[in-house]
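A, B, ... follow the sequence lines: proteins, then strands. Residue 1 opens every chain. The basis for the numbers below is simple: all heavy atoms, side chains too, and nothing from hydrogens, waters or symmetry mates.
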Protein chains: 2
Amino acid sequence: MADQEIYRASTYAPVNIAVIKYWGKRDTKLNLPTNSSLSVTLSQDDLRTHTTASCSPAFPADTLTLNGSPQDISGARTQACLRELRHLRQSVEEQDPNTPKLSTMKLNITSGNNFPTAAGLASSAAGFAALVRAIADLYHLPATPTELSRIARQGSGSACRSLFGGYVAWQQGTHPDGSDSLAYEVAPASHWPDMRAVILVASAEKKDVSSTAGMQQTVATSALFQHRAENVVPQRIKAMEAAVHGRDFAAFAQLTTRDSNNFHACCADTDPPIFYMNDTSRAAVRMCEAINSSAGEVVCAYTFDAGPNAVVYYLAEHEDVVAGTFKALLGGLSGWEGKRGGAVKTAESVPEGMEVAGELLRRGVSSVILTGVGDGPRKTDQHLC
Amino acid sequence: MADQEIYRASTYAPVNIAVIKYWGKRDTKLNLPTNSSLSVTLSQDDLRTHTTASCSPAFPADTLTLNGSPQDISGARTQACLRELRHLRQSVEEQDPNTPKLSTMKLNITSGNNFPTAAGLASSAAGFAALVRAIADLYHLPATPTELSRIARQGSGSACRSLFGGYVAWQQGTHPDGSDSLAYEVAPASHWPDMRAVILVASAEKKDVSSTAGMQQTVATSALFQHRAENVVPQRIKAMEAAVHGRDFAAFAQLTTRDSNNFHACCADTDPPIFYMNDTSRAAVRMCEAINSSAGEVVCAYTFDAGPNAVVYYLAEHEDVVAGTFKALLGGLSGWEGKRGGAVKTAESVPEGMEVAGELLRRGVSSVILTGVGDGPRKTDQHLC
């Protein structure tokens with residue numbers, strides 16, 4: 001029976017790691033940020049969410065399954081995404097009465113990550129990007145990624161940046177309804193394809209404070225945050241776009257490390273203070289500084305999200321001096337196997353005077369992930385349900 | 001022979017720990033700060049420098065001995081103090097031709113601390129305060145402590161605050177010559193005598209960056225520091241003076257912890273970042289928060305200088321709930337012996353959920369020092385040479 005038909009669409013969506021950080025909402029309901037942000041989309045060969053969206057008149061209710069376990073779909077953020085997508089589908093159906101009325105059917109969404117959720121990597125960004133992209137494909141929506149970014153943003157702020165590959169900005173916007181708080185592509189991965197990253201996964205500790213709670217504590221109590229949002233970030237966004245357009249790694253690196261430190265400074269200035277970086281994170285900072293100074297040029301840049309993991313960016317040409325140094329320290333950990341890991345030549349020595357930092361990294365890092373800049377969501381016929 | 005006579009004067013000088021932090025110089029030669037600061041002078045029964053200044057026509061050269069080892073006295077900062085003090089002595093000698101010409105004699109200065117220098121406690125403040133106070137006594141200078149603070153400041157900025165007891169402010173001043181960058185007494189120890197402190201000495205690690213170098217890196221590179229110096233600190237100084245005058249511990253505590261966090265935030269925002277607090281320090285922060293929340297009121301306030309040691313302020317009436325909790329955790333360490341330590345009643349339990357923080361403190365704290373607010377430099381007849 002036609003009315004028992006099941007419609008399906010599946011997609012992969014990438015993780016993104018900000019180099020100019022998103023921290024602070026001016027509207028918590030709509031996920032409108034206090035400042036713009038800019039990120040690098042990481043390769044889906046290494047980190048991705050795979051989501052299948054299906055709908056059918058036979059489905060009794062909307063459902064969401066993540067990594068095999070049913071999720072609560074009634075949350076305001078998920079509901080906002082579904083409502084907006086069904087609304088867009090309705091106008092498609094109104095324009096062509098012959099299109100099936102998918103907007104009236106219940107949705108079953110099944111999702112899975114190919115990376116350890118314990119790693120504390122921002123999976124909500126990839127998750128909501130995949131959910132929105134999969135349903136948009138299911139509904140055959142004519143919407144552009146930027147239009148969809150407005151919807152994904154309401155699920156998880158940084159998700160709006162995972163609808164694009166390469167180098168992506170999220171403009172804060174000024175409209176109270178958030179209609180201009182959108183993501184756009186600064187440059188595709190093909191513009192600067194040799195950007196690589198090694199992620200040092202610090203032993204999973206419980207996160208100090210959730211990002212959502214933490215950023216609003218910062219907005220409410222930090223004496224420095226408003227200065228960051230209003231004066232520091234706007235000029236850095238401009239400078240970072242220029243660095244990406246000009247493929248200027250030295251400028252990219254300085255902006256990336258300074259903005260990570262500026263973000264964590266505002267966390268430390270929160271009352272009570274929020275600490276995401278630990279002694280392992282600080283050892284990674286010192287090791288990156290030592291790698292740069294022994295190389296005689298800036299070959300790597302660290303950044304830390306709301307957790308202790310270090311994301312170290314570098315160019316392919318410097319893989320051996322950057323990733324190779326970490327392989328010399330952490331070669332026994334999982335993450336070095338496979339084609340990408342095998343291609344990294346282990347450095348013959350660790351920079352001088354880095355014994356303490358090296359020992360802290362050996363003690364505190366549980367695994368590594370080798371990746372690099374990648375493209376945006378990929379449609380797939382591999383259905384999860 | 002009279003010309004072989006040796007003139008002597010000896011003094012004790014206290015350590016002070018800032019609650020509104022000094023960080024950043026607008027003039028490195030004169031030690032002129034970018035912002036005012038405010039500190040609590042700690043009791044000399046617990047922490048003090050003992051200095052004897054002597055002069056004689058028989059001395060061949062100026063000398064300085066610290067804890068038994070000869071020090072280089074040719075440094076510009078020490079020389080500036082000696083020059084200024086000799087200049088003041090000259091005017092005394094000019095007014096009364098019968099006074100011995102001590103200003104023409106060489107000085108031998110001998111100094112010792114009663115606390116472990118390994119503890120990383122700001123000993124330069126007590127050291128230069130004692131040097132200036134001892135020579136001023138040797139010279140019978142009519143100068144007030146505030147006048148002497150201008151001289152001590154040139155030896156070590158925070159030394160100017162150790163010329164007073166109790167609660168002391170250092171006003172940044174505006175004159176290029178530093179003539180108005182002086183310390184003054186906000187309130188004597190007797191005004192609020194029940195202020196106590198327990199210092200958690202974190203296992204001596206090498207300091208990340210010296211204060212002198214670090215603060216100028218912050219001034220030069222932090223995107224947040226200028227906002228701190230110009231906008232954040234001035235209002236906190238006013239609020240802290242009011243808290244001290246009103247003996248308002250809750251206000252004192254909030255200003256103290258927020259300013260410590262704000263200072264360390266600016267250190268983290270420095271390029272390259274400066275990290276003085278470590279995982280042990282952060283565990284002390286969490287423990288103080290837990291002590292306050294289980295007490296149902298603000299009974300303690302933490303502050304960190306340019307190192308990992310926690311200084312925890314509390315009022316005598318809360319000694320058992322604050323110091324007693326740390327004694328329950330760290331009772332085996334040195335620092336609890338003696339009259340003061342014995343008077344602390346060990347808490348029956350550590351606040352719930354503090355197992356991880358407690359373990360980090362047990363691993364990272366090497367000793368404790370119990371002390372409290374105290375008076376200013378004390379003249380003594382105990383001569384070290």
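- With a 4.5 angstrom heavy-atom cutoff, A:Tyr302 touches chain B only via side-chain atoms.
- Top candidate by heavy-atom pairs under 4.5 Å with chain A, chosen from B:Val285, B:Asp259, B:Val356, is B:Val285.
- In this structure, a donor-acceptor pair under 3.5 Å is absent between the side chains of B:Asn261 and A:Asp269.
- With a 4.5 angstrom heavy-atom cutoff, B:Thr221 touches chain A via backbone and side-chain atoms both.
- Ring to ring, B:Phe252 and B:Trp192 are close: their centroids are under 6.0 angstrom apart.
- Considering only heavy-atom pairs separated by less than 4.5 Å from chain B, the leading option among A:Ala265, A:Cys266, A:Cys267 is A:Ala265.
- The number of heavy atoms from other shown groups lying within 6.0 Å of CD (A:Gln226) does not exceed 12.
- Within 6.0 Å of CD on A:Gln217 lie more than 12 heavy atoms contributed by other residues, nucleotides or ligands.
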